[in-house]
Amino acid sequence: MLSLYHAALLLLVVWLKPAACSVDQCGSLGAQLSIPNTTVNLSTYEANGTIIRLPGTVESCGGPDLVAHSTANLCRIVLVKATSTSSAVQIEAWLPDRDGWNGRLLATGNGGEGGCIDYATIQNGAGLGFASFGSNAGHNGSQGFDFFLNQPEVIQDFGHRAIHVEAEVAKEIIQQYYGSSVKKSYYAGCSTGGRQGFQNAHLYPEDFDGLLLGSPGVDWLRIVSSKGILARRIGWPDLESQSYVRPEQWKSIVDEQIRQLDPLDGVRDGIIDEPTKYRFDPETLACGTGVLNDSVCLSPQQVNSVRMAYEPIADSSGQIVYPAFELGSNTDVFSSNQKNGSAQLTYTILQDFWRGAVFNDSKWTPNNFSTADMDFALEVNPGGVNAWDSTDLSAFYERGGRIISYHGRNDETVTSALSERFYTTVQSKSNLSLNDIQSFYRLFFIPGMHHCAGGPGAWSIGNAQKYPFDSSRLDPQHNALMALVDWVESGSEPRTLVGTKYEDDDIGGNVVAQRTYCPYPSVSKWDGAGNITIASSWTCVAPSVCNS
Ligand SMILES: *[C@@H]1O[C@H](CO)[C@@H](O)[C@H](O)[C@H]1NC(C)=O
Ligand SMILES: *[C@@H]1O[C@H](CO)[C@@H](O)[C@H](O)[C@H]1NC(C)=O
Ligand SMILES: *[C@@H]1O[C@H](CO)[C@@H](O)[C@H](O)[C@H]1NC(C)=O
Ligand SMILES: *[C@@H]1O[C@H](CO)[C@@H](O)[C@H](O)[C@H]1NC(C)=O
Ligand SMILES: *[C@@H]1O[C@H](CO)[C@@H](O)[C@H](O)[C@H]1NC(C)=O
Ligand SMILES: *[C@@H]1O[C@H](CO)[C@@H](O)[C@H](O)[C@H]1NC(C)=O
Ligand SMILES: *[C@@H]1O[C@H](CO)[C@@H](O)[C@H](O)[C@H]1NC(C)=O
Ligand SMILES: *[C@@H]1O[C@H](CO)[C@@H](O)[C@H](O)[C@H]1NC(C)=O
Ligand SMILES: *[C@@H]1O[C@H](CO)[C@@H](O)[C@H](O)[C@H]1NC(C)=O
Ligand SMILES: *[C@@H]1O[C@H](CO)[C@@H](O)[C@H](O)[C@H]1NC(C)=O
C-alpha cells in the first residue's frame, strides 16, 4: 500500500518532471531494455547541470576522480554488450527528455589506442538535444597493453567493431525509450575517432547519415610506426651519438621553419598555411652560419638527421607509404624521447600496441624499430585496425551519406598530407569527379590547428572531443556539426566554415580572430586588403601550383 508520504513524493516528482520521459521511466528502462547479449549496469535520471561522478574510470582515462556534466534533463544508461564470448563493449547512452530530444542520434568514438569514453562530445550532443552515445571501444584504458595481449576479440572491437555495435545498440535504445525510431544518425570523432568513422562508412554504410571526422588516423599502423622511424632517423635511442638531435634543439629548428616559410603564404602571422607545399633545408641552422648560437646550432651529422626527419617514409621495398612530418609543428612526439636520461619514446602507443597486438611480447621495445616492424604490423593488421583500405566509400556515397572532415595543418600526430592523400584515393577508387566527391565528402584544412584542436590558428569549428561548444556560434557557418546536420537534412552543402580563435583558447570567450576555411582542393587566401583577423578578409581560391 502506498503511504501518504510516498504518494506525496510521487506527486512531487511527477509535478517537477511533467515531460513524457521522466525519472520513473528512466529508472524502469534499465530493467525493461531488451537488447540481445546486453547487461544494463546503470540507469539514472540526471537533471541538467548535475555533476556525474565516474569513479569506475581507470586512471589513463582520467579516473577515478573524473566527472561529467549533465547538459540536459536526461536519462543516462550504462550497459555492456557482449561482442563475442571473450569481449564486450561498454556503452553510455544520454537520452534527453522527449520534449528536449531533436529526433537525432549522435554517436562518438575514441582517441589514441581507445578505451576512454568521449564524454566531451556526448555532453555537447545531449546539450543540443541529440540522443548521445559513447563506447569504450571494448577495453578500459588509453595506456598499456594487457587488455590486448592474447585478446584477439578485444582487438577486433578496437579495430572496427565497437562503433558498429554502438550504432546498433543506440538505435535499439532510442526505439525502446522514445517509442519511435531515430530521424537521422550522426557520428563525430577525431584522430582514432576519425579512423573509426571512415572504417564504419566503408564496412557498415547504413549505420550513419552523417560523419564529422577530425584528423582521421586512417593509416593507423603507419602513423604509429612513423614515431619510431623518425626517432631513429635523428639518432635515437643512442642519446650520445653524433647524429642525435637533442630535445632542446627542436624549438629553434621549428621556429626557423616558421620564420622562413610563414611569409610565403602572403600573411606573416606565425602560421604556415600549406606546409606540405614546401621543403626545408636544415643546412641554414648549421653551426657557423650564425643563425643559431653554439648551444643549439646543428653539427653536420645533425643537419643530416633533421633533413631525414622531414623525409616521407618508405616501406621495405622502397615505396613511399607515408607522407612527411608537418613543417612548423611541435616535434615532441618523436624528439622528447627520453625519461630521466634514458631513451624512452614520448609516444607510448607504439610500444603498447606492438607489445599487445602485433608481437605478443610484453618485453618488446621500439628501440630498434625499423620499417620491417612497420611492414609486419601491416601484414598482421590486428583487428583490421588499419583503415587505408576504407578508401572505397561507394556504398556510403550511394546511400546518400555525408562526410565533413577537417585536419589541422599543424598536426604533430597525424600529418595532414594523409587526409589529402586519402581524399584523392577515395576519389580515384570510385572514379568520382570533383563534383561527385564534393557532393558527399568535404575536407577542410585548418592552418595553425594542432592535432584535433588547439594551436595558433582560428581552429575552433565545433571540433569533436572539445567541450563546450560556443553557444553563440551554433550555426552551420561556425559549427561543423551543425553544418553536417544542415547538409544531411536540408541538402545545403558546406561551402565554407568559419573558425574562431578565442583568447587563451577559452571557447566562448573573447574572440581574437576569425578565418574562412574552404573545401579541398580550394584554399583560403587573404584578399590582400582586409583585416586578417576578420573572416570576410579570407576567400576560397583554386589551389596554386606546387612550387616545392
Ligand atoms: C556499474 O556501475 C557502477 C557505478 O558506476 C560501478 O561502480 C560498477 O563497477 C559497474 N559494474 C559493472 C559490472 O560494470
Ligand atoms: C570497464 O570499466 C567499467 C567501469 O567503468 C566496468 O564496469 C567494466 O567491466 C570494465 N570493462 C572491462 C572490459 O574491463
Ligand atoms: C542546461 O542548463 C544550462 C545552464 O542553465 C542552460 O544554459 C542550458 O540551456 C540547459 N540545457 C538544456 C538542454 O536545457
Ligand atoms: C548472444 O546470445 C546468444 C543467446 O542468447 C548466444 O547464442 C550468442 O552466442 C551470444 N552472442 C555473443 C556475441 O555473445
Ligand atoms: C602469446 O605468447 C604467449 C606466451 O609466449 C603464448 O602462450 C600465447 O599463446 C601467445 N598468444 C598468441 C595469440 O600468439
Ligand atoms: C641560444 O639560443 C637559444 C634559443 O634561442 C636560447 O634559448 C639560449 O638561451 C641561447 N643560449 C645562449 C648561450 O645564448
Ligand atoms: C626519475 O628518477 C628519479 C630518481 O631516480 C625518480 O625518483 C623518478 O621517479 C624518476 N622519474 C621518472 C619519470 O621515471
Ligand atoms: C638493438 O640492436 C642492437 C644492435 O643491432 C642490439 O645490440 C640490441 O640487442 C638490440 N636491442 C633490442 C632490444 O633488440
Ligand atoms: C570513370 O568515369 C568517367 C566519367 O564519368 C568514365 O568516362 C569512365 O569510363 C569511368 N572509368 C571507370 C574505370 O569506371
Ligand atoms: C583588426 O581587427 C582587430 C579586431 O578584430 C583590431 O583589434 C585590430 O586593431 C585590427 N587591425 C588593423 C590593422 O586594423
Side-chain angles (χ1 to χ4, degrees), residues 16-23 26 45-52 68-76 94-104 106 119 121-132 178 245-260 266-270 282 284-299 302 306 330-331 335 456-458 460 467-474 478-479 481-482 498-503 507-516 526-538:
L16 280 175
K17 303 272 168 230
C21 298
S22 64
V23 181
C26 180
Y45 193 84
E46 306 287 3
N48 185 14
T50 308
I51 291 176
I52 302 169
H69 302 266
S70 171
T71 46
N73 293 325
L74 57 82
C75 177
R76 173 183 174 232
W94 288 29
L95 308 167
D97 287 352
R98 188 196 305 272
D99 58 2
W101 181 43
N102 62 19
R104 304 179 182 114
L106 179 67
Y119 288 104
T121 308
I122 297 174
Q123 285 167 189
N124 282 330
L128 292 170
F130 292 80
S132 303
Y178 297 111
V245 186
R246 301 182 310 276
E248 70 272 17
Q249 294 181 284
W250 283 94
K251 187 176 181 308
S252 302
I253 295 165
V254 173
D255 283 351
E256 183 61 16
Q257 292 168 358
I258 295 170
R259 197 191 66 77
Q260 289 182 20
V267 177
R268 207 182 285 265
D269 56 356
T284 55
L285 302 177
C287 297
T289 60
V291 174
L292 299 181
N293 66 35
D294 289 351
S295 54
V296 288
C297 67
L298 304 179
S299 70
Q302 290 176 326
V306 174
N330 182 305
T331 63
S335 67
S460 183
Y467 170 83
F469 282 159
D470 179 346
S471 59
S472 69
R473 291 191 172 77
L474 288 172
H478 298 91
N479 184 294
L481 181 59
M482 297 296 97
V498 170
T500 302
K501 174 74 183 170
Y502 297 96
E503 196 175 333
I507 297 174
N510 289 334
V511 173
V512 176
Q514 288 190 308
R515 188 156 159 181
T516 303
W526 179 47
D527 65 9
N531 188 324
I532 59 165
T533 68
I534 294 168
S536 60
S537 306
W538 297 84

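Just so you know, ligand 1 is whichever comes first in the structure, and atom 1 is the first atom listed for that ligand. All heavy atoms count here, side chains included; hydrogens, waters and symmetry mates do not. Quick caveat, the model's predicted, so the values are computed rather than measured.
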- Step-by-step side-chain hydrogen bond (donor to acceptor under 3.5 Å, both in side chains) determination, Thr500 to Gln514: CA-CA 4 Å; Thr500 302; Gln514 288 190 308; 2.8 Å; yes
- For atom 2 (O) of ligand 6, is the nearest protein heavy atom closer than 4.0 Å?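 Within 4.0 Å of atom 2 (O) of ligand 6, protein heavy atoms are found.
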- Message: Checking contacts now, so for atom 14 (O) of ligand 3, which I'm interested in, is there any protein heavy atom under 4.0 Å?
- Response: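 Within 4.0 Å: yes, protein heavy atom nearby.
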Nearest-neighbour protein heavy atom for [atom], which is reported as residue plus atom name and distance:
atom                    : answer
atom 4 (C) of ligand 10 : Thr533 OG1, 4.0 Å
atom 6 (C) of ligand 10 : Asn531 ND2, 4.1 Å
atom 5 (O) of ligand 6  : Ser252 OG, 4.3 Å

Looking at [X] and [Y], what are the two nearest heavy atoms and their distance?
X      : Y      : value
Leu285 : Thr289 : C-OG1, 4.2 Å
Lys501 : Gly457 : CD-O, 3.1 Å
Ile532 : Asp269 : CD1-CB, 4.5 Å

- Any idea which atoms of ligand 3 are less than 4.0 Å away from a heavy-atom of Gly127?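 Result: 13 (C).
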- Per-atom contacts of ligand 3 with Asn48, taking only distances under 4.0 Å to non-hydrogen atoms: 1 (C), 2 (O), 3 (C), 8 (C), 10 (C), 11 (N), 12 (C), 14 (O)
- Taking the six-membered ring for Trp, are Tyr119 and Trp94 parallel (under 30°), tilted (30 to 60°) or perpendicular (over 60°)?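 Ring orientation of Tyr119 relative to Trp94: tilted.
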- Ser295 heavy atoms within 4.0 Å reach ligand 6 at atoms 1 (C), 11 (N)
- Do Thr284 and Gln260 have side-chain N/O donor and acceptor atoms under 3.5 Å apart?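 Result is yes, a qualifying pair exists.
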- Can you figure out which of Asn293, Leu292, Asp294, Asp255 has its heavy atom closest to atom 11 (N) of ligand 6?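 That would be Asn293.
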- Query: Heavy-atom contacts under 4.0 Å between Asn73 and ligand 3: side chain, backbone, both, or neither?
  - Reply: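 Under 4.0 Å from ligand 3, Asn73 contributes no heavy atoms.
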- Among Asn73, Leu95, Thr50, Leu74, find the one that has a side-chain contact (heavy atoms from CB on, under 4.5 Å) with Tyr45. Asn73
